[in-house]
Structure formats: C-alpha cells, structure tokens
Amino acid sequence: MSAQNATSAETLRVDKWLWHARFFKSRALAAKVVSDGKLRVNGTPISKPSRAIAPDVVLTFVQGREVRVVKVLGLGTRRGPAPEAQALYEDLDPPKPRTRDLSAPERTGPRPTKKARREMDQARHLAKPDGLE
C-alpha cells in the first residue's frame, strides 16, 4: 500500500494541475478542455481529465486564442498565488512580439485642446494639393 501512496504523491490529475497552475479559472473548465480532446501530453492527444501527469511532461493545449506549450516542473499541493503557480511550469512558447496599432498616430504629449485641433486642421487643409478637396 505504501508503493501506491508514493505513486499518487508523484502524480496529479491533469485537470487539477491545470487549475493549480492557474491556466483555467475552474477545475471544470480545465476538465472540459481535456474532455474535448484539446490537450496533448508529450504530443499524444488525451480526452480523460483523470489522466495522471508527473514532472518533466510537456503539455500542449489551447487557451483562448493561443496554443500554449508548457513543461511541468512541479505538481503543487494547492491553488496558491500566481508566483507559486508560475513555479509549477516552464513556458516553452517563444515570446510573442508586441504589435502596435498602426492606424492610430503616436501621441507625443497631452491631448490637444479644441483650439490646437482647429489649428492642426487648418494646417492640414492648407497643406493639401489643389484639386483634392
């Protein structure tokens, strides 16, 4: 019986681990992702939330609009604060470049006043070539 207790201490249900590591707000949401077949353990799709995982396992799953690839470093004993949860895994995704909205001009100071906007509009109007009004 002691061998079984040692095994259970070294593994944890995958839905519970996803919840402990704060990838999902509830254990039910984590279980749904697994049940829908949207989780892979070391590249193999699984569909049972009761699947036991251990450290050094790579999980691939969809979270929102992104595909997450994480390596399990620890199992944890509770759903603790974010720093404690982040110590349970290593993110294997490359950092995503920040994209900025090119449609909005960069602002270099405070918002212009109504008077300043009128002056800018007048300057733009004067800068237009003839025939484009």
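Start at 1 with the first residue, then count along the sequence.
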[X] and [Y] ion-paired at < 4.0 Å:
X	Y	value
Arg79	Glu84	no
Lys32	Asp36	yes
Asp91	Arg68	yes
Arg124	Asp121	yes

**OP:** Evaluate the side-chain contact (heavy atoms from CB on, under 4.5 Å) criterion for residues Val33 and Val62: first the C-alpha distance (whole Å), next the side-chain angles of each, then the deciding distance (0.1 Å), finally the verdict.
**Re:** CA-CA 8 Å; Val33 168; Val62 176; 6.0 Å; no

Find the distance between [atom1] ([X]) and [atom2] ([Y]) and round it off to the nearest 0.5 Å.
X	Y	atom1	atom2	answer
Thr60	Asp93	OG1	CG	8.5 Å
Arg111	Thr113	CZ	OG1	10.5 Å
Leu39	Thr44	CG	OG1	10.5 Å
Lys114	Arg118	NZ	CZ	4.5 Å
Leu59	Arg51	CG	CZ	9.0 Å

Nearest non-hydrogen partners of [X] and [Y], listed with the distance:
X	Y	value
Val14	Lys48	CG1-O, 4.1 Å
Ser26	Trp19	C-CD1, 3.5 Å
His20	Leu75	ND1-O, 3.8 Å
Ser35	Pro49	OG-CG, 3.5 Å

Subject >> Short side-chain to backbone donor-acceptor contact, Arg22 and Gly80, under 3.5 Å >> reply: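 Here the side-chain-to-backbone pair exists.
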
**OP:** Could you tell me whether a side-chain N or O of Trp17 sits under 3.5 Å from a main-chain N or O of Thr11, the two making a donor and an acceptor?
**Re:**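 Answer holds: no.
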
Original post:
What residues join Val69 in its hydrophobic cluster, counting side-chain heavy atom gaps under 4.5 Å, either direct or through other members?
Top reply: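 Its cluster partners, ordered by chain and number, are Val58, Leu92.
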
**OP:** Flag the pair Leu73 / Leu88 as yes when at least one side-chain heavy-atom distance between them is below 4.5 Å, and no otherwise.
**Re:** no

Subject >> Side chain proximity check, Phe61 to Val34, heavy atoms < 4.5 angstrom >> reply: no

**OP:** Report the C-alpha separation of Lys71 and Asp56 in whole Å, then their side-chain angles, then the decisive distance to 0.1 Å, and conclude whether the side-chain contact (heavy atoms from CB on, under 4.5 Å) test is met.
**Re:** CA-CA 6 Å; Lys71 181 178 181 181; Asp56 295 326; 3.6 Å; yes

**OP:** Any pair with a residue in residues 73-92 that passes ring pair (Phe, Tyr, Trp, His ring centres under 6.0 Å), sequence neighbours left out, goes on the list, sorted by first then second residue, please.
**Re:** Phe23-Tyr89

